[in-house]
Amino acid sequence: MGFPAIPGGDPGSGDWYLWAAALLVACAAGTGFAVLRQWGGFVRAVVGVCAVFGIAVWSEAGDAPVLWTVLYALTAVALAASWRKAWFRYRLGRMTPGESEALAERLRADGILLPASLRHSPAAPARLPLRTAALLVLAGLVAAGAGLAGLGLVPRAALEDGGTAEKAGDCGAALGHYRDAAAAVHALTLSSAPGDARAASFSCTQVLSAGEAAGAGRHHEAASAYGDAVLGFTARFWRDGGRNADAATASRLAVLRLAHADAMAAALSATARYRTGQVAGYRALYETYDALVREHPGSAQAGQVPARLAALYATTVSADAARNPCPAVDKLNDLITLAREKAPGAEGPGASATKDLPAVRYRCAEQLYAKED
């Protein structure tokens with residue numbers, strides 16, 4: 001499933017200090033060449049690692065972490081092989097005159113000439129022990145790996161901050177954190193956080209869309225968007241029926257469910273004329289209110305449901321029956337049928353419809369009789 005762009009602007013490439021940290025990681029990978037004072041090799045190593053990072057960002061490496069883990073490992077192997085050659089060059093350049101001549105003789109016997117540039121230089125410092133050099137190289141590679149791991153914590157923290165803000169009902173702040181987590185620089189850590197952030201922003205994106213639609217009077221669109229927001233929120237935070245959810249999660253979900261139900265009620269109220277098939281809308285609405293009461297007992301939102309149902313009945317049934325009693329008979333019969341079918345949440349409206357139906361039928365008959373006269 002594809003997710004829309006995060007509202008508020010493009011996440012961009014990321015903060016400068018994250019790129020600076022990535023450059024330090026690349027420098028750490030070239031530590032071995034710096035230890036041997038082979039600055040050309042050091043520069044080539046840093047440029048090579050930066051090129052690999054650039055391709056990782058461009059190709060969104062977090063979407064294929066296994067492949068890129070292998071590519072990173074191959075890069076480390078290539079660096080190690082290159083450093084091994086540099087190490088032999090370093091040792092050759094620091095041989096004593098006797099060692100250098102003996103090696104040159106052996107190579108000459110095999111038809112190989114040892115370049116003068118690789119022979120001992122009287123000004124060369126004492127050579128570094130292999131164990132020390134190898135440990136320094138290993139430390140550089142470990143530092144590079146640790147740096148990548150540390151960079152990978154940044155988008156995860158932003159993702160968590162976004163979730164906290166979303167649970168608190170601050171979708172503006174939440175989307176800001178999700179944009180930070182989705183920045184391009186995080187792809188080089190092979191983190192799934194950028195993709196997770198785009199998915200996580202779905203619920204808040206729908207909430208903003210629903211608010212805009214409701215303000216413009218597009219109630220059906222608002223109800224659909226709130227429904228998607230509830231689905232997105234429950235998929236992320238309300239697993240196993242909310243068994244392990246915290247109080248902030250439960251409170252936010254109750255708010256979203258009430259907003260969804262209210263938008264559905266507004267859409268039903270805006271319907272100009274009732275048709276028999278529209279009872280499905282009432283069924284869905286009652287089920288939404290019922291889920292709110294059932295899954296959030298004792299919440300402030302659940303406590304508002306009886307008043308909401310009474311107001312809905314008054315505006316969409318009683319008032320309609322007073323204006324157009326004959327079409328209202330069908331609506332009342334449908335509500336009674338929902339109650340008989342034990343549709344969730346339909347018991348109260350069904351009881352009210354059963355009580356009002358005789359009077360509405362009588363007014364309908366009067367209206368028909370008056371027309372015939």
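Computed from heavy atoms alone, side chains included, the values below leave out hydrogens, waters and symmetry copies. Position 1 is the first residue of the sequence, and the numbers go up from there.
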Does any non-hydrogen side-chain atom of [Y] lie less than 4.5 Å from one of [X]?
{"X": "Asp334", "Y": "Tyr282", "result": "no"}
{"X": "Trp238", "Y": "Glu295", "result": "yes"}
{"X": "Thr189", "Y": "Phe53", "result": "no"}

_Checking Phe233 now: which residues fulfil ring-ring contact (aromatic ring centres under 6.0 Å, His included) with it, not counting sequence neighbours?_
Phe237

_Going by ring-ring contact (aromatic ring centres under 6.0 Å, His included), name the residues that satisfy it together with His219, two or more places apart in sequence or in a different chain._
none

*In terms of the angle between their ring planes, are Trp39 and Phe42 parallel, tilted or perpendicular, with boundaries placed at 30° and 60°?*
perpendicular

*Could you tell me the separation between the CG atom of Asp196 and the CZ atom of Arg236, rounded to the nearest 0.5 Å?*
8.0 Å

_Inter-residue atom distance Thr337.OG1 - Arg283.CZ, 0.5 Å rounding_ = 9.5 Å

*Identify which one of Asp161, Leu159, Asp170 satisfies the side-chain contact (heavy atoms from CB on, under 4.5 Å) criterion when paired with His177.*
Asp161

*Could you go through the side-chain contact (heavy atoms from CB on, under 4.5 Å) check for Met264 and Thr288 one step at a time?*
CA-CA 9 Å; Met264 294 171 70; Thr288 303; 3.6 Å; yes

*asked:* Tell me every residue that passes side-chain contact (heavy atoms from CB on, under 4.5 Å) with Val305, counting only those two or more places apart in sequence or in another chain.
replied: Tyr289, Leu292, Val293, Leu309

*asked:* Holding to side-chain hydrogen bond (donor to acceptor under 3.5 Å, both in side chains), I want the full list of residues that pass it with Arg44, two or more places apart in sequence or in another chain.
replied: none

*Provide the full list of disulfide bond (SG atoms under 2.5 Å apart) pairs with a residue in residues 139-213, sequence neighbours left out, each pair given once.*
Cys171-Cys204

_If the condition is disulfide bond (SG atoms under 2.5 Å apart), which residues does Cys364 pass it with, not counting sequence neighbours?_
Cys326

*Tyr178 side chain to Glu166 side chain, donor-acceptor N/O pair below 3.5 angstrom*: yes

*Under 3.5 Å, is there a donor-acceptor pair linking the side chains of Ser299 and Arg257?*
no

